[in-house]
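Working notes, beginning with the structure itself.
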Amino acid sequence: MAAYSGRGVHGQTVRLLGERVLSGRIAEGETIDLAALSDELDLSLTAIREAIKVLAAKGLVGSRQRKGTFVRARADWNLLDPDVVRWQIAAGAGDVFFRNLAELREALEPAAARLAALRGTAEDVAALRAAVADMAESGEATPEAAADADLRWHRALLAATRNELYTRTDVFFAAGLSERDRLVHGGAHKDPVPSHAAVTEAVAAGDPVAAEQAMRSLLDQAREDLLRATGEGAHDDDLEKPQ
């Protein structure tokens with residue numbers, strides 16, 4: 001699930017075609033005219049086919065005899081792939097994506113905080129505190145550094161549940177959370193350290209009720225920060241909670 005690392009013309013072609021699919025410019029079920037793309041982009045058919053292979057690996061396109069290359073149904077797309085997440089946002093679907101992400105987090109993270117308070121070890125608490133410290137230091141650095149520290153904290157919280165299925169749920173929101181945090185940390189937002197520290201200390205105290213409540217407060221703040229970051233692009237009805 002790592003992001004596609006291709007650069008140069010190849011990487012740009014993959015991104016361009018991915019954004020066209022995610023935006024609906026190339027619609028579900030539509031056959032992709034590779035020769036026409038080759039002419040339009042002034043690239044060889046080999047280069048177009050190599051880009052198509054990347055999209056196929058992400059579930060966006062397929063091929064059939066006589067039908068050629070076509071856009072697969074959205075249900076087949078790997079919507080958790082980091083590149084697909086970015087392409088959705090670039091294609092203007094950020095409001096819907098972040099709403100869905102917020103709802104997923106609202107379902108998962110308060111319960112994870114409760115379990116972490118019940119089962120977390122001293123090592124887990126140390127990892128959470130280290131991430132909070134890094135979050136505080138990165139506040140003076142780049143949005144990317146702040147987003148990285150934030151993501152490490154959330155992963156540490158999931159690990160503290162001592163439930164391997166919870167731990168693996170980071171695949172559901174890691175890419176989206178990173179993109180959301182880069183957006184939020186790149187603009188005006190409340191200091192995230194106190195809300196994350198409150199959850200951390202409730203986990204350290206072994207207080208499941210306080211940990212769950214602190215996480216819900218963190219998610220409320222996150223929702224406000226996202227609304228502030230997206231401005232008119234997000235509305236209360238679209239984001240019925242979270243960070």
Side-chain angles (χ1 to χ4, degrees), residues 1-7 10-28 51-62 71-109 112 138 142-158 166-187 189 192 218-219 222-223 225-231 233-235 238-243:
M1 276 249 313
Y4 176 65
S5 59
R7 300 192 179 189
H10 180 55
Q12 292 171 15
T13 304
V14 171
R15 185 180 70 251
L16 173 66
L17 298 182
E19 289 178 5
R20 286 188 181 185
V21 171
L22 269 294
S23 68
R25 181 172 172 182
I26 307 177
E28 293 178 49
I52 289 294
K53 284 181 182 178
V54 177
L55 300 189
K58 299 176 185 296
L60 300 182
V61 301
V71 177
R72 299 177 67 177
R74 185 180 178 87
D76 296 328
W77 300 352
N78 184 358
L79 295 175
L80 304 178
D81 180 275
D83 290 317
V84 176
V85 168
R86 281 191 287 273
W87 296 338
Q88 287 185 78
I89 296 168
D95 288 356
V96 173
F97 174 80
F98 287 129
R99 179 198 66 202
N100 291 341
L101 175 65
E103 290 176 354
L104 180 63
R105 294 182 63 198
E106 180 72 8
L108 286 174
E109 292 191 300
S138 65
T142 65
E144 289 74 17
D148 179 69
D150 199 323
L151 181 58
R152 282 189 285 112
W153 184 89
H154 288 277
R155 282 177 164 154
L157 182 73
L158 292 174
Y166 253 105
T167 301
R168 295 299 300 275
T169 59
D170 76 322
V171 303
F172 295 136
F173 60 78
L177 184 60
S178 293
E179 291 303 308
R180 175 231 170 262
D181 283 347
R182 286 189 181 91
L183 175 65
V184 168
H185 290 297
H189 62 281
L218 184 156
L219 293 174
R223 172 176 174 268
D225 286 341
L226 184 58
L227 288 170
R228 189 178 300 109
T230 55
H235 305 284
D238 294 330
L239 296 167
E240 294 185 340
K241 279 198 178 216
Q243 169 169 318

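Keep in mind that the numbers below use all heavy atoms, side chains included, and drop hydrogens, waters and symmetry copies.
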Query raised in the report: Where do L157 and E109 come nearest, in terms of heavy atoms and distance?
Result: CD2-O, 4.4 Å

Report summary line: Rounded to the nearest 0.5 Å, the CZ atom of R155 sits from the CG atom of D150 at a distance of 11.5 Å

**Report entry** Interatomic distance, R180 atom CZ to F97 atom CZ [nearest 0.5 angstrom]
**Finding:** 11.5 Å

Query raised in the report: Is the shortest heavy-atom distance from the side chain of W87 to the side chain of K58 under 4.5 Å?
Result: yes

Query raised in the report: Can you tell me how far CG of L60 sits from CD of E28, rounded to the nearest 0.5 angstrom?
Result: 10.5 Å

Requested in this report: Taking the side chain as every heavy atom from C-beta outward, state whether Q88 and L79 have any pair of such atoms under 4.5 Å apart.
Outcome: yes

Query raised in the report: Hey, what do you get for OG1 (T169) to NE2 (H154), rounding to the nearest 0.5 Å?
Result: 12.0 Å

Query - Over all atoms of both residues, closest heavy-atom pair of L158 and A112 - result: CD2-CB, 4.0 Å

Query raised in the report: Are any non-hydrogen side-chain atoms of L22 and E19 less than 4.5 angstrom apart?
Result: no

Query - Close side-chain approach of V85 to I89, heavy-atom, < 4.5 Å - result: yes

Query - Contact summary for A149 and S138, nearest pair of heavy atoms - result: CB-OG, 4.2 Å

Query - CG-CG distance between L177 and D170, expressed to the nearest 0.5 angstrom - result: 10.0 Å

Query raised in the report: Is the closest side-chain heavy-atom distance between V71 and R20 below 4.5 Å?
Result: no

Report summary line: When rounded to the nearest 0.5 Å, the distance separating OG of S178 from CG of D148 is 7.5 Å

